[in-house]
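In what follows, chains are A, B, ... by sequence order, proteins preceding strands, each numbered from 1.
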Number of protein chains: 2
Amino acid sequence: MDEVFRKIGSKLTLSQKIERRIEAAIREKKLPVGSKLPTERELCESFGVSRTALREALRRLSARGLIEITKGSGMTVTGLKIDDAIQNLNLYYDMQFDHNLIAQIIEVRRLFEPEIASLAAKQRTQNDLSDIQDNIEAFKACNPDNIQMEADLDNKFHLLIAKATHNPIVQISMEPIYSLLPRMRNLIYANVEGEKDITLEYHLKIFDVINKQKSDEAAELMKVHLHRTMDIYQKYLHNSY
Amino acid sequence: MDEVFRKIGSKLTLSQKIERRIEAAIREKKLPVGSKLPTERELCESFGVSRTALREALRRLSARGLIEITKGSGMTVTGLKIDDAIQNLNLYYDMQFDHNLIAQIIEVRRLFEPEIASLAAKQRTQNDLSDIQDNIEAFKACNPDNIQMEADLDNKFHLLIAKATHNPIVQISMEPIYSLLPRMRNLIYANVEGEKDITLEYHLKIFDVINKQKSDEAAELMKVHLHRTMDIYQKYLHNSY
DNA sequence: ATTTGTAATACGTAGGACATTTAAACGAAT
DNA sequence: ATTCGTTTAAATGTCCTACGTATTACAAAT
């Protein structure tokens, strides 16, 4: 029997064990969102650990967005917010940002966004429509020299369409991708004469069919729109090597 | 102007400031992946803070997967792994798991997976094909009483197709979604007689067209396959209320 | 050459002390 | 009665010292 020599050391530090215990309790809703945790001293007592170890566990949890610690007041369980959930995903993409990733992003957008536009055409509310319209107006009025803002508004147009699906998973899936776009746009946008007008034209067309709830046409227009985007990118990529 | 009354206090604790400083350095690759950080004592000296504050910052970073701390050895910068990146996303979905979310997941799958199958048909390698084939064989051989394994294998089939696109963003986008499926399947799968054979049939068909690189047909088949899944699901939802 | 012992290094945990912030209770002025 | 300032208790933030424990490298013994 090798059973005799099986692992003894758990490898987990004390503070990691504490972290997991509390995380599990939150997952299982034994600690419901919004509830206050006992004070540090009380928790030390309960767990039978030093304040140091306990605090390091709490720092871990707050870094991940599971709890919120307020000096002088106490600690509360916070429902993980979207931003917390995608924070590390953003960082992940960010750290492997290269030209290869750019190509992959474009590919994903061409896969997903036509379908998203199609669903948006079905689900959009009046609220969504006015948001999109506002965005288009802002884009139209944007100073052509302000490339940063122009790119941001273009970016937001696509995000608003994702929102108009009223499916939060769609939004969460696309958000990290869109968050990378501004950095790409800056590289490219500047050098293409007349690109703004063409972009505007497509945005208007897409808005129109989403307004009229023509889902198939929305998908088709988005497909063509992104195809153009890709062309420009490839031209850029080609020139820069 | 509300500008007058904007926040003044930075509100950041010392350990949070330290966390951000180090995180920024990692982002900007001043601390490249794989490099060792100075020891705790040295960092205390550099930052001019106590060991407590510093350590709490380090705990935060390690909780998020940016650094790895080994007792007795030291600390190294680790490239954020995919699992770390989607860890909190999984938790996020997990905590708002309800029937509403299930419907949203199915909607997203119906939006994205046909396109994914289409791309997979173009990009798949021999390796992908044999992985998928192995999965289908395992599914075929799976004991019908083992519903858990059956569901897992079904799940993995779709994940393998996402992998076959050779676009990591596709994979990262879908992985959190698939991780929720097993829990749904368990609710549903058990009660449907003969479902396994039909699933198997579709998997075989899809494999065939991906093998032959017929991308349009792959998308179409996947669409029909998921349509069935939704039907079953809706039947279940209907019965249970 | 392999194994074992030993010391140096670095992170992990404990416990105490004090600072700072928050929130609640209280009281005084309008 | 409302508002504003003060006090006070409670909670987290930071610092410090000390010791525990795992890792590594190197020397010594076989």
Counting side-chain heavy atoms from C-beta on, which of D/dA11, C/dA10, D/dG13 comes nearest to A/K71? D/dG13

Whole-Å distance between D/dG13 P and A/E40 CD? 6 Å

To the nearest Å, give me how far apart CG (A/L61) and C1' (D/dT12) are. 16 Å

Tell me the interatomic distance from B/F47, atom CZ, to D/dT14, atom C1', rounded to whole angstroms. 16 Å

Interatomic spacing from CD in B/E45 to CG in B/L54 - rounded to 0.5 Å: 12.0 Å

Minimal non-hydrogen separation, A/L89 against A/P176, with atom names: CD2-CG, 3.7 Å

Counting only distance, no hydrogens or angles, is the base of C/dG12 paired donor-acceptor with the side chain of B/R51 under 3.5 Å? yes

Can you figure out which of C/dC11, D/dG13, C/dA14 approaches the side chain of A/S50 most closely? C/dA14

Atom CG of A/L58 and atom P of D/dT12 are separated, to the nearest Å, by 8 Å

So, B/D152 versus B/Q148: side-chain donor-acceptor pair below 3.5 Å or not? yes

Donor-acceptor pair, side chain of B/T78 and main chain of B/L66, under 3.5 angstrom: yes

Within less than 4.0 Å of OP1 or OP2 of D/dG13, is there a side-chain N or O belonging to A/R59? yes

Take atom CD of B/E56 and atom P of C/dC11, then tell me their distance rounded to the nearest Å. 16 Å

Checking C/dA23, C/dT13, C/dT20 against the side chain of A/A53 (C-beta onward), the nearest is C/dT13

Grab the CE-P distance between A/M75 and C/dT21 for me, whole Å please. 19 Å

What is the distance from CG of A/L54 to P of D/dT12, rounded to the nearest Å? 9 Å

Any A/R55 side-chain N or O less than 4.0 Å from OP1/OP2 of D/dG13: yes

Within this structure, what is the CG-to-C1' distance between B/L14 and C/dC18, rounded to whole angstrom? 16 Å

Students often mix this up, so state it plainly: with edges at 30° and 60°, are the rings of B/H203 and B/H158 parallel, tilted or perpendicular? perpendicular

Side chain of A/T13 - closest among C/dG12, D/dT12, D/dT14: C/dG12

5' precedence on DNA chain C between B/T52 and B/P38 (nearest-nucleotide basis): B/P38

